[in-house]
Structures are given as structure tokens and as C-alpha cells.
Amino acid sequence: MAWSMSFEHDAEHDVVTANFTDCILATDEDVFRWRREVEAQFAKFNGRVDLLINLDGLVVRHTAGRTFGKERREVLERNTHRSFRYGGDDMTRMFISTSGAINGAAVNHFATREAALAALLAERDALRKRGFTPFTSNYRSTKL
């Protein structure tokens with residue numbers, strides 16, 4: 001299969017799920033390509049979103065790990081309110097955890113989408129109980 005990604009809005013939970021296919025990040029150039037394409041996906045949503053990231057299909061090699069950590073943090077800060085991850089291989093999960101610690105990005109990794117979604121919804125609920133009004137997405141579907 002060829003490198004691809006899709007970001008789909010789940011209207012019921014007002015969350016975007018990112019899926020990757022054969023996105024192998026082995027060089028800084030791969031990371032910069034990943035960032036450009038991820039930013040293009042986020043542009044569809046007209047503002048920051050809550051994000052679930054399916055790490056299956058996204059592979060971060062040690063040769064791209066440091067650059068990925070920095071780029072990942074910047075992309076998430078610019079485009080998300082919160083993000084939760086699931087799936088992925090051992091090496092990619094290690095880079096996510098390490099870069100989170102180094103760059104101050106949330107790790108929030110879970111075994112399944114259901115567990116990641118439950119954690120995201122629990123965080124929203126906790127904010128609501130403390131008197132914060134959780135955002136609503138600016139997503140506007142172009143499908144009628």
C-alpha cells in the first residue's frame with residue numbers, strides 16, 4: 001500500500017479520528033512531509049479539534065524521532081484542544097512517550113479507540129464539572 005492518511009469527523013462525539021497507512025517516518029524529510037499532509041487534513045475542520053490518533057500505520061524510525069517529536073508537538077498545539085492515541089508499534093509508542101516528555105506534549109496512549117474515546121470524554125466531563133464549557137467543533141460538513 002502507498003502512504004496515505006485520513007482524518008474523519010465523528011459527529012456523535014464531536015471528535016476527529018486520524019488514520020494512517022504506511023506512513024513511515026525514517027528521515028527528517030519524511031517528517032516534514034507528514035507535517036504538511038497532517039496540516040492539510042486539519043485545514044478541513046476550520047479550527048482546533050479533539051483528536052483520536054490511530055497509530056497503526058504510522059511508523060517512526062529512530063532516525064526521525066527527534067524531529068518528529070518537535071513537529072508533532074507544534075502540530076498538536078496549533079490544531080487540537082486535546083489528543084489521545086491508540087494502537088501502534090512498540091518503537092512508535094516509545095517515540096511518542098519520549099517526545100512527549102522532552103517536548104511537553106501529552107502522551108495519552110490507550111490500547112483501543114474505545115478506551116481513548118472514553119478517556120477523552122471523561123476529560124471533557126471533568127472540565128464541565130469544574131465549570132468550564134467544553135468547546136464545540138467548528139467542523140462544517142460539505143456533504144449534504
Side-chain angles (χ1 to χ4, degrees), residues 1-128 130 132-142:
M1 297 194 80
W3 167 306
S4 68
M5 61 182 70
S6 66
F7 284 42
E8 302 298 327
H9 183 250
D10 170 352
E12 178 183 355
H13 299 107
D14 195 18
V15 64
V16 172
T17 300
N19 291 291
F20 301 92
T21 302
D22 292 332
C23 291
I24 300 170
L25 309 181
T27 66
D28 289 350
E29 290 75 23
D30 295 334
V31 174
F32 299 139
R33 174 186 176 191
W34 170 86
R35 180 175 181 155
R36 284 190 308 273
E37 292 183 24
V38 166
E39 294 274 6
Q41 290 287 328
F42 276 124
K44 298 186 303 188
F45 300 107
N46 192 30
R48 293 170 56 184
V49 300
D50 278 350
L51 181 67
L52 296 176
I53 305 168
N54 180 358
L55 293 175
D56 293 333
L58 178 65
V59 177
V60 181
R61 302 278 190 236
H62 73 280
T63 50
R66 184 177 301 261
T67 301
F68 174 73
K70 178 185 172 295
E71 297 298 313
R72 172 182 89 97
R73 178 185 52 81
E74 291 175 6
V75 165
L76 293 177
E77 283 178 355
R78 176 177 295 134
N79 296 288
T80 68
H81 293 284
R82 61 192 60 80
S83 61
F84 292 78
R85 287 141 210 69
Y86 62 97
D89 65 38
D90 290 340
M91 179 73 73
T92 299
R93 287 194 313 271
M94 183 205 57
F95 278 116
I96 297 290
S97 296
T98 303
S99 71
I102 291 170
N103 295 297
V107 176
N108 302 330
H109 186 271
F110 297 87
T112 65
R113 182 184 189 280
E114 293 76 21
L117 177 61
L120 185 148
L121 296 175
E123 184 174 302
R124 279 186 192 163
D125 191 49
L127 287 171
R128 191 175 293 111
R130 290 194 318 245
F132 294 97
T133 304
F135 83 100
T136 55
S137 169
N138 292 326
Y139 178 66
R140 303 285 189 270
S141 175
T142 56

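Numbering starts at 1 and runs along the sequence shown. As the structure is a computational prediction, the values presented were derived from the model and not from experiment.
- The nearest pair of heavy atoms linking Arg124 to His13 is NH1-O, 2.7 Å.
- Contact of the Phe7 side chain with the Val38 side chain is registered, since non-hydrogen atoms from C-beta on lie closer than 4.5 Å.
- Under the 4.5 Å side-chain criterion, counting only non-hydrogen atoms from C-beta, Leu58 is in contact with Leu25.
- Between Val49 and Phe42, some side-chain heavy-atom pair lies under the 4.5 Å cut-off.
- For the pair Val15 and Leu51, the tightest heavy-atom approach, listed with the atom from each and the gap, is CG2-N, 4.1 Å.
- Here the CG atom belonging to Asn54 is positioned 12.5 Å from the CD atom belonging to Glu8, to the nearest 0.5 angstrom.
- Looking at heavy atoms from C-beta onward, Phe32 lies out of side-chain contact with Asp30 at the 4.5 angstrom threshold.
- A salt bridge is absent between Arg78 and Glu74: the closest approach of a Lys/Arg side-chain nitrogen to an acidic carboxylate oxygen does not fall below 4.0 angstrom.
- For the atom pair CZ of Phe20 and CD of Gln41, the computed distance is 8.5 Å after rounding to the nearest 0.5 Å.
- Between the side chains of Arg85 and Ser83, at least one donor N or O sits under 3.5 Å from an acceptor N or O.
- Two residues are said to be in side-chain contact when any heavy atoms from C-beta on lie closer than 4.5 Å; Ile24 and Arg61 meet this criterion.
- Side chain to side chain, Asn79 and Glu39 meet the donor-acceptor criterion of an N or O pair below 3.5 Å.
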Using the rule given for side-chain contact (heavy atoms from CB on, under 4.5 Å), can you reason through Arg130 versus Leu127, listing the C-alpha separation, both sets of side-chain angles and the distance that settles it, and then say yes or no?
CA-CA 5 Å; Arg130 290 194 318 245; Leu127 287 171; 3.1 Å; yes
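- In this structure, Asp56 contributes its side chain and Gly88 its backbone to a donor-acceptor pair below 3.5 Å.
- A donor and an acceptor atom, one from each side chain of Asp14 and His9, are located under 3.5 Å apart.
- Contact check on Glu29 versus Arg33 returns no salt bridge, with no Lys/Arg side-chain nitrogen under 4.0 Å from an Asp/Glu carboxylate oxygen.
- Salt bridge status for Asp28 with Arg66: absent, with no side-chain N to carboxylate O gap under 4.0 Å.
- Aromatic ring centres of Phe68 and Trp34: separated by under 6.0 Å.
- Residues Tyr86 and Thr17 are in side-chain contact: their nearest non-hydrogen atoms beyond the backbone lie under 4.5 Å apart.
- Between the side chain of Arg48 and the main chain of Thr80, a donor-acceptor pair closer than 3.5 Å is present.
- In this structure a side-chain-to-backbone donor-acceptor pair under 3.5 Å is present from His109 to Gly87.
- With contacts defined as side-chain heavy-atom distances shorter than 4.5 Å, the pair Val16/Asp10 does not qualify.
- A donor-acceptor pair under 3.5 Å is absent between the side-chain atoms of Asp125 and the main chain of Leu121, judged by distance alone.
- Phe110 approaches Ala115 most closely through the heavy-atom pair CB-CB, 3.9 Å.
- The shortest distance between side-chain heavy atoms of Leu120 and Leu52 falls below 4.5 Å.
- Note that CG of Leu55 and SG of Cys23 are 11.5 Å apart. Values are rounded to the nearest 0.5 Å.
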